[in-house]
Every structure is written in C-alpha cells, then in structure tokens.
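Throughout, numbering of the chain's residues begins at 1 and tracks the sequence. When a ligand or atom number is given, it counts from 1 through the structure's own listing order. Scope of the values below: all heavy atoms of this structure, side chains included, with no hydrogens, waters or symmetry mates.
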Amino acid sequence: METRTMKPPPSPPSGHLWRIAQAGGLGVTLLLILGLFRAPGTALRLLWDVAIPLLPAVFLINPKLWRNVCPLGTLNMIASSRRRPGKLPDRWLPAAGITGIFLLLLMVPARRFLFNENGPVLAVTILAVALLALLLGAMFSRKAGFCNSVCPVLPVERLYGQSPLLNLGNAHCSACGQCVSRGCLDVAPAKSIPQILGTSRLSHNWLQTGFGAFAASFPGFVLGYYLTTNGPLDTAGSVYFTIALYTLASYVLTQIVVRTLNLGAELAVRLLGALAIGLYYWFASAVVTEHLGLHDGATVTIRTLAFALIALWLWRGSGSPADTRRILLHSR
Ligand code: SF4
C-alpha cells in the first residue's frame with residue numbers, strides 16, 4: 001500500500017534548545033570556513049577525522065539528530081521562511097533525488113584529489129553549496145528545494161536512517177506543510193524509503209529506481225573510495241574510474257543476490273545500509289587512528305563500537321519476531 005500521507009510531525013520537545021544548537025551549527029561552520037583559509041591543516045583534520053566520521057553513526061541513531069541542526073538545513077529554512085514560496089511539484093521529485101545522488105557520487109571521490117588536502121577549495125565549495133541552499137530555499141517551500149530534494153547527503157541519511165534507534169521531534173516544522181508530497185525524513189524516517197520507492201518495492205523493480213540503484217551501488221562506492229588514495233589533481237580520472245568500477249560491481253552483485261535469493265526490498269535495502277556503513281567504519285577507523293595519532297587499539301575500539309551499533313540498528317529494524325519471519329520468507 002502506498003503511504004504518501006504526511007502526518008504532522010511531533011512538536012519539538014525543547015524548541016529553544018534546538019534553536020541554540022542551530023545557531024551553534026552556523027557559528028561552527030563559519031569558524032570552519034575561516035579555519036580552512038587560515039589554518040587548513042587543523043581545520044581539515046577536525047572535519048574529516050573527527051566530525052565526518054561521527055555522522056553515519058548519528059544517522060543510525062536518528063537522521064533528525066543531524067537534520068535538526070545541519071547548518072545548510074538552517075539556511076534553507078531561513079531563506080524559505082522569508083518568502084513563503086511554493087511546494088516542489090511532485091513530478092520533479094525523482095529528478096531532484098537523482099541530482100542529489102549524482103552530486104554525492106561526484107563530490108565524495110573529489111576528496112581524494114581536492115577536498116581532503118586543500119582547505120581553501122573546500123571552503124569555497126562549502127560556501128557555494130550554502131548559497132545553493134539559500135537560493136533553493138527562497139524558491140521552494142521549507143526543505144523542498146534543497147534538504148528534501150537535491151542535498152547530496154540526503155540519500156545517505158535515508159539509507160542509514162531507515163530504522164532510527166531513538167525517537168526525535170522535528171525542530172524545523174512545528175506542523176507539516178507538505179513541502180514535498182512524500183519521503184520527508186523529518187516526518188517519519190522509517191517511511192521515507194517505502195514512500196520514495198513506491199509500488200516498485202513490491203517487485204524487483206526497486207533496483208531500477210534512482211534510490212534503489214543508489215542503495216545497491218553504495219557499498220561498492222564506499223569500498224572503492226577507500227581503495228584509492230589521496231593524490232594530485234591529475235589523479236582525478238583514475239580515482240573516478242576505480243570508484244566507478246566498484247560501484248558498478250556492487251550494483252551488479254546486488255542484482256544477482258536479490259534475484260537469486262528473491263529478497264524483498266525492505267530486507268535488501270536494510271542489509272545494503274548495514275554493509276555500506278560497516279565497510280565505512282572498517283576503513284575509517286584505521287584512517288582516524290593514524291591521522292589523529294591514536295593508540296593502535298583505537299581502531300579495534302572504534303570498529304567494535306560501530307559494529308555493535310550496526311547490530312543494534314539491524315535488530316531494531318527487524319521489528320517483532322513475526323516481522324522477521326515475514327521478511328525472511330521473502331514477502332515482497
Ligand atoms: S520539511 Fe516539508 S515535508 Fe518535511 S515536515 Fe517540514 S513541511 Fe513537512
């Protein structure tokens with residue numbers, strides 16, 4: 001059954017605290033941009049080796065924990081609230097989602113030859129994306145223009161946020177104005193993927209949708225990224241080629257496994273999310289340990305904590321024993 005109804009999200013339990021956190025998010029971003037120009041080594045380390053590795057775990061807990069305070073989301077909402085613009089036309093949603101996925105696949109590999117080591121270029125890119133969030137906020141209602149459509153982080157928030165471990169309120173919308181017709185993570189994270197996949201999830205056709213193809217490809221994308229290394233700009237071609245190969249292999253392998261085992265979309269997407277985030281923490285733990293000069297045991301500690309969280313997330317997502325049986329019996 002299609003679940004497109006947007007129920008009003010729960011009111012934020014402590015709205016003023018979220019406002020303070022949102023202002024703090026904007027302040028930290030401003031400091032980060034200044035740092036990327038003035039002290040790029042430190043700023044890059046704090047961003048890539050401290051802040052970013054925490055985000056996937058935050059998405060498992062609840063993507064709203066990030067979305068409520070994300071500085072780009074705050075800018076998107078500020079711009080939107082000034083003009084009260086229109087909703088995103090329903091027919092634009094698939095193209096907007098694919099644009100976000102394309103931006104993610106374009107920008108993450110660019111870390112290898114640009115963003116991991118070049119502070120000023122990263123700062124200018126963040127400013128450009130912030131400007132885009134403001135512009136699209138001014139053009140469309142609430143999060144319709146950016147956070148719920150072309151944001152490159154949205155596909156990852158969806159994939160890792162499908163079974164939140166904590167319930168959280170929506171700090172931005174006290175009542176839902178249905179700025180997008182379906183899939184808003186701030187209304188109900190667990191319903192976002194079913195709403196985006198629509199009836200395609202009742203067969204293997206979900207693998208041909210934009211988000212379905214992303215979910216199937218993402219574990220390979222993560223693996224491909226960590227099998228490349230930082231280098232100068234002229235290594236861009238080989239970085240994209242290597243990551244594209246692993247991404248494609250992941251998609252093909254997922255097609256084979258899903259069709260051979262007749263896996264339903266619900267179980268397959270959950271397992272793909274667990275695999276992608278597991279691969280991420282397997283590799284990121286070693287990188288963080290090395291870059292921050294931590295004790296060797298830190299890698300094992302980070303991996304253990306991450307895998308425990310992923311196991312809890314998988315268990316939480318499996319629902320009741322009856323649900324688990326239903327999923328394992330390939331109900332599609
Ligand atoms: S972002 Fe849009 S769809 Fe989501 S809760 Fe707010 S108004 Fe509703």
Could you list the residues that satisfy side-chain contact (heavy atoms from CB on, under 4.5 Å) with L294, not counting sequence neighbours? V288, T289, L292, A298

Check each heavy atom of C173 against ligand 1 and say whether those closer than 4.0 Å belong to the side chain, the backbone, both or neither. side chain

Heavy-atom pairs closer than 4.0 Å: do any link ligand 1 to the side chain of H172, the backbone, both, or neither? neither

For [X], atoms of ligand 1 separated by under 4.0 Å from a heavy atom:
X    : value
V187 : 4 (Fe), 5 (S)
N170 : 5 (S)
Q178 : 7 (S), 8 (Fe)
K143 : 1 (S)

Mind checking who shares a hydrophobic cluster with L30, ILVMFWY linked at side-chain heavy-atom distances under 4.5 Å? none

So does R67 pair up with E157, basic N to acidic O under 4.0 Å? yes

Say whether H204 and N262, considering side chains only, have a donor N or O and an acceptor N or O under 3.5 Å apart. yes

With a 6.0 Å cut-off on the ring centroids, do Y246 and Y251 count as close? no

Does R45 reach the main-chain N or O of P40 with its side chain, forming a donor-acceptor pair under 3.5 Å? no

Atom 8 (Fe) of ligand 1 and C184: any N/O/S contact shorter than 2.8 Å? no

